[in-house]
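Proteins come first, then strands; the chains are lettered A, B, ... in the order of their sequence lines, and each starts at number 1.
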Amino acid sequence: MSVAVLRFPGSLDHESAARAVTAAGGEARYVWHAEEELPAGTTAVLLPGGFSYGDHLRPGAIASRAPVMDAVRRHAAEGGLVLGICNGFQVLCEAGLLPGALRPNATLSFVCRQVELDVADPGTPFTRDLPARLSVPVKNHDGAWFGDPSDARVVLRYAGENVLGSVDAVAGVANREGNVMGLMPHPEEAVDPLLGSVDGLGIFAALARA
Amino acid sequence: MTRVVVTVMPKEGVLDPQGQAVRGALGRLGFGDVTDVRIGRRIELQLTGDDPEGQARRMCDELLANALIEDYSVAVEG
Amino acid sequence: MTRVVVTVMPKEGVLDPQGQAVRGALGRLGFGDVTDVRIGRRIELQLTGDDPEGQARRMCDELLANALIEDYSVAVEG
Amino acid sequence: MSVVPLHRQLGLTDEEFARIPELIGRAPTDPELVMFSLMWSEHCSYKHSKPVLRRFPTTGPHVVQGPGENAGAVDVGDGWVVALKIESHNHPSAVEPFEGAATGVGGIVRDILALGARPIALLDSLRFGPLTSARSRHLFTRAVAGIGGYGNCIGVPTVGGEVMFDDRYEDSCLVNAMCVGVVRPGRMLRSAARAPGDHLVLIGNRTGRDGIGGASILASAELGEDDAAKRPSVQVGDPFTERKLIDCCLELAESGLLEALQDLGAAGLTSAASEMAAKGGVGLDIDLDRVPLREEGMPAAEILVSESQERMLAEVHPNRLDAVLAVCARWELLATPIGTVTEGGRLVARMDGEVVVDVPASALTDDAPVYGVPVAPAHTPAPLRLDDVPPPEDLAAAWRDLLARPTLASKRWVWERYDHLVGANTVGRPGGDAALVRLPGSRRAIALTTDCAERHCELDPRHGGRATVLEAARNLACTGARPLAATDCLNFANPEKGATGWRLTEVVEGMSEALEALGVPVVSGNVSLYNESPVRAILPTPVVGMLGVVDDAAQGVGIGFDREGDRVLMAGWAAPRLDGSEYLGRAEGLPPAPDVAAEVALVDFLVEAARHGLVRSAHDLSGGGLAVGLAESALAGGVGCRIAAPRGRRADEDLFGEAGGRVLVTCRPADLPALEALAGRVPLTDLGEVGGDALVVETAEAHVTLGLGEARRAYEDAIPGALA
Ligand SMILES: Nc1ncnc2c1ncn2[C@@H]1O[C@H](COP(=O)(O)OP(=O)(O)O)[C@@H](O)[C@H]1O
Ligand SMILES: [Mg+2]
């Protein structure tokens, strides 16, 4: 019910992510990066998009060492749900909670574009309620996933053009257990018909249910 | 006060799109003799306290480099 | 085939936001002995043809470095 | 060893230099002299444009803040005040396009932030030489990278703008950035310092040697051969710190911890401090030893005029100082009390215990010199003789080639490099007539556009000024938005030379006439003069940024043909001409004079039609005329059309000719009668219907057919192709 939306210096999408949680019937609470504990009653954690610490060094690298991340690790170890979107995905990879790393896009430029995604693994709590194909925007500069697909649980792939140049067209991965997931596209930008798509709602419904 | 230079380069086998792009651009500028370009990071640290090399290595392991995709080297310039 | 290493660093006095951010992060990670961090690029070139150093310098002037805000140095590793 | 006296090296005339002792009662110290030279530069003092600017209408029922503050603001209802301002960063961008454009974005965002407003949208209005020039390709790609690199990182969506290529901009590119923000009514901050005894707190980045003298050298002198000499003063942007500044200042403002707030822009601390003091009728006492420096040993003058980015100056009541410093610390931002507010209007600065500056603040601001500009008119050109323009062999090929002109072609390459979505409120994305951004927590949306009729302004400045404003209003109305307020950036050449001063005056007159007719006030703006090289002057470029409101975001209208069978109509009418058109590709002839009254009626009609849900799409016909408008609507919606072009003098003129006051509208066949009834005196011509996968147009001379695939390739591949 209560989703902790982490906030780092440079987080940008925390408000739209929180709105998406609410739209899916959940309750969102912001948690500051310097906290060492998650609020009592936290049932799921959301790491939003943005440019934490200006993407300096490597995107997500500095944020992944923030005090709150130990609490996130414990939450994940106990089987709690953890979702990382865009920069949040980069943070989870840098923190070692998800396999692989996010490298500069093949275009070597920022890319902001509506894309289609195929659900590669409907077996996780996050992907269970998703349509087989989603229309969701990507917007990032370092979104090319690099890693070994054989020891990652690939949950989302780009349908059609592999815009960013990910290995195996990976758009999102989960840990083995499926309770930690990260994706580069922005489902929080796809929960409102006025914005052109509601395909992302299922992901937040999972958080809201947790 | 010691000056330590940390060099972080993309691992062999990790493709380096930036390096490739720069190589292409150099070619278009008429620099035909470039057969390879790799681009990495140079981090110059000013350190006080002892064992600067050890300190710098710990910084690399904890933050400055990502072992999955990058190799690092440390040089103490005294 | 010659290996040339180009080092591009922010000019003295020019703001280095990346170095600032990393210095802050190192401090929070308990590396208190860091008094300064400057971050630049290391570019490794494989060159054929002669005068590799001169070639590399021309590449820096035309593409690899931004003379307004960056200084570069070239080292031929043979 | 130069024999030129210091004041002239600093850009002050002998007369201006002589004024200083009269104002301060003694000869200025060196730091004081540098401060006067910057504050009295064109960039800071508007000394050549102030009298002209007075012509603009600046009041209206919605106006909360007109010109005179860091940004203007209007009440858009539903509990929101919207702040807006556009500003140029032309010369810095010509010197270093990435950092110049990036810091241009940073600067305009801080102007909005200074009102305590949350920045929610950016637009960028860009002009460069043709992409056939390597230098222009470099300036264009790096400026776009700089805007995206900064805007994306601070989480403010870049939702709109424009890009034009013309050889008149080869030596002086234009980079104008517009920012829009929201603040609750009654919560807006102002820059006037208020209470003696309050602290002055400097928040943000350390002060370095960035842009020393930049305000006068980079922004008010013509770029000559010796650019290189000017280069060391380039500022480097730090968007991460800017984002923290935004979050921190908004938290401070929303918790009511600030008395006044001011950004540090051109002329840095000097400008910020003198504005705060002069506007408040108080003095400031600043201890320069307290200013956090990036480099040892900066002299007083450099600290006073440094243009280091990402800095704000706040007035804080002593009781709230600790709370303010605590919030800044939480955001990992430097915050330093550097002085206090004093009685009596003097700006005092100390260093090493010594007074280095002691002048009346108003001497730097209100007493700046003001000059009229020469207004010798240029002769008004004669209309083109159509016979002098050979008709194209193949109309379809000419149409396709026009779609592939970089100025008309798709700007996707640009806006896909910008995060135009962050915030999840971008209801109308780039590529249409205006962007639609939903207000936070509201059904209401604002529409935003920037426009300029450069060639028209060159050929016939009065009418070009009108056309500029009317096009912006039309673009808003096409989305269903009622125009509410405007901001403007007057980019001109050297006003002391030739007919530039006259064109400036005429353009502002024409803009003002149209603004008055529309009931749209100018609430903020910026002037950039001297945009010329020894060999080339820019076209007169009065960029207008306009704000409109749609009561219900769901009623926003797009430009796309997306349903077979919809009727295609022309709303409004004026005979198109090739004079000064994109098709002609140069400033020649005499474009049609806009009919202001007819245009205002057209705007009202479009807004009403959208409100009643009677239009399925609306698209303003501007550059490239009917042909390009049809193609854009078809490509946006994915369906073609079959229409008959209104017949004029010649098919190429009917297709490619331009005239204001014409909008392409589609509706369900069933809604046609209601739409016609609503149109009243506004001409509404049924041209044909939406359908098929081609653009089929019947003209006086021939059926012209252009396949959507071919049109899309021409339109989408032009800019990437020119850069490849
Ligand atoms: N062309 C213009 N139209 C309307 N207002 C203008 C124009 N140019 C400047 N102004 C106003 O004059 C004041 C000073 O402008 P400027 O120096 O650009 O402000 P800042 O230093 O805060 O960026 C601002 O209030 C601005 O809105
Ligand atoms: Mg300002």
Roughly how far, to the nearest 0.5 Å, is the [atom2] atom of [Y] from the [atom1] atom of [X]?
X	Y	atom1	atom2	answer
D:N152	A:K139	CG	NZ	8.5 Å
A:H33	D:E332	NE2	CD	5.0 Å
A:E188	D:L421	CD	CG	10.0 Å
D:Y418	A:C112	OH	SG	12.0 Å

Query raised in the report: If every non-hydrogen atom of A:R7 is compared with every non-hydrogen atom of D:W331, which pair is closest and at what distance?
Result: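 Where A:R7 meets D:W331 most closely, the heavy atoms are NH2-CH2, 3.6 Å.
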Query raised in the report: With a cut-off of 6.0 Å (strictly less than), are more than 12 heavy atoms of other residues, nucleotides or ligands near CZ of D:R184?
Result: yes
Relative to chain A, which segment of [X] carries a heavy atom at a distance below 4.5 Å: side chain, backbone, both, or neither?
X	value
D:I154	backbone
D:T241	neither
D:D247	side chain
D:R438	side chain
D:E416	both

In terms of heavy-atom pairs under 4.5 Å, which option from [options] contacts chain A the most?
options	value
D:V156, D:V422, D:V427	D:V422
D:R243, D:R412, D:K244	D:R243
D:G148, D:C153, D:G155, D:G428	D:C153

Query raised in the report: So do the side chains of A:R19 and D:N425 get within less than 4.5 Å of each other, counting heavy atoms only?
Result: yes
Query raised in the report: Heavy-atom distance under 4.5 Å to chain D: side chain of A:H56, backbone, both or neither?
Result: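 The answer is the side chain of A:H56.
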Requested in this report: Please state whether the side chain, the backbone, both or neither of A:D192 comes within less than 4.5 Å of a heavy atom of chain D.
Outcome: side chain
Requested in this report: May I ask you to name which of A:P9, A:G196, A:S16 has the most heavy-atom pairs under 4.5 Å with chain D?
Outcome: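 It is A:P9.
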Query raised in the report: Can you name the residues of residues 550-561 of chain D that have some heavy atom under 4.5 Å away from a heavy atom in chain A?
Result: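 Near chain A, by residue number: D:A553, D:A554.
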Report task. Assign the ring pair A:Y53 / D:F240 to parallel, tilted or perpendicular, where the plane angle (0 to 90°) is split at 30° and 60°. Result ->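 A:Y53 and D:F240: tilted rings.
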